[in-house]
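Read through the structure below, which is laid out as structure tokens, and then see the notes.
Both ligands and their constituent atoms are indexed starting at 1 by order of listing.
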Amino acid sequence: MNPPAPQADPARPRLSARGIGHRIGERKLLHGLDLDVTVGTSLAVVGPSGTGKSTLLAILGGLLAPAEGRVTIDHGHGRSVADSVSWVLQTVNVLPDRTVLDNVALGALADGADWNRARELARPALERVGLATFADRPVRALSGGEVQRTVIARALVSTRPFVLADEPTGQLDAATTTRVMDSLLATTATRGLVVVTHDPTVAHRCTRTVRLTDGRLTHL
Ligand SMILES: Nc1ncnc2c1ncn2[C@@H]1O[C@H](COP(=O)(O)OP(=O)(O)OP(=O)(O)O)[C@@H](O)[C@H]1O
Ligand SMILES: [Mg+2]
């Protein structure tokens, strides 16, 4: 008897933005944008400074309500958009007096792990971003790029299906950028990744790239 046919892949979670419009004061920043990212893929968002990339990312992850349109999640196992994403933000949100290890562990703590388990998960993530020897330092004693890598490691330990990263390599040298992107892209085996970046080498490594100019998206 033939072996049973392989099961179709379970539908992968997909984050979908439809008809997103947004204004800041009198300025219409975003015009009816549609965007999708599916677990297993990565999307780069590029475009000039001030065009609204960070605003779009905040809308995509449920941090900011758009004036028009909506963001939904398909096959998200009932979780809200906001509960489905982990963040690597441009304005760094860390606990400066806690150690690097504890800041990274917060990513797993937010998913329900206890402190011991969260710290256990944090160590290999620190290794991946090259901060293994910094585990016990308070974050206030780190350089800008080291803080950025701490925040990336925190997103790496999360099990939420999407990582939204705003210029995650903006303060990193080329070799560290490669290393960090290796780690972020490795997580797309089980997650979806959106990276806002000004670095063409980062964009080129992603599955797809969109450019935001004058409030509209061009698929590159
Ligand atoms: N809360 C706010 N109040 C007023 N203006 C804002 C606010 N947030 C963003 N803006 C303006 O909206 C525009 C888009 O900002 P946003 O941060 O989304 O740009 P960006 O594409 O991410 O730029 P960059 O590449 O420099 O990070 C900018 O001109 C910014 O000054
Ligand atoms: Mg920005």
Does an N or O anywhere in Gly47 fall below 3.5 Å from an N or O of ligand 1?
no
Within the 4.0 Å heavy-atom cut-off, what Thr51 brings close to ligand 1 is both
Check: Gly52 N/O within less than 3.5 Å of ligand 1 N/O
yes
When Val195, Thr176, Thr177 are each screened for side-chain contact (heavy atoms from CB on, under 4.5 Å) with Thr169, the one that passes is Thr177
Salt bridge flag under 4.0 Å for residues Asp182 and Arg205 | yes
Query - Side-chain (Asp34) to main-chain (Gly19) donor-acceptor, under 3.5 angstrom - result: yes
Margin query: Regarding Ser16 and Arg14, do their side chains bring together a donor and an acceptor under 3.5 Å, going by distance alone?
Written below: yes
Quick note on ligand 1: atoms under 4.0 Å from a heavy atom of Thr55 include exactly 15 (O), 16 (P), 18 (O)
Note to self: Taking backbone and side chain together, does Thr55 place any N/O/S atom at a distance below 2.8 Å from the Mg ion (ligand 2)?
What the structure shows: no
Task: Polar side chain donor-acceptor pair, Asp111 to Thr159, under 3.5 angstrom - done: yes
Ligand 1 to His198, heavy atom cutoff 4.0 Å, flagged ligand atoms 25 (O)
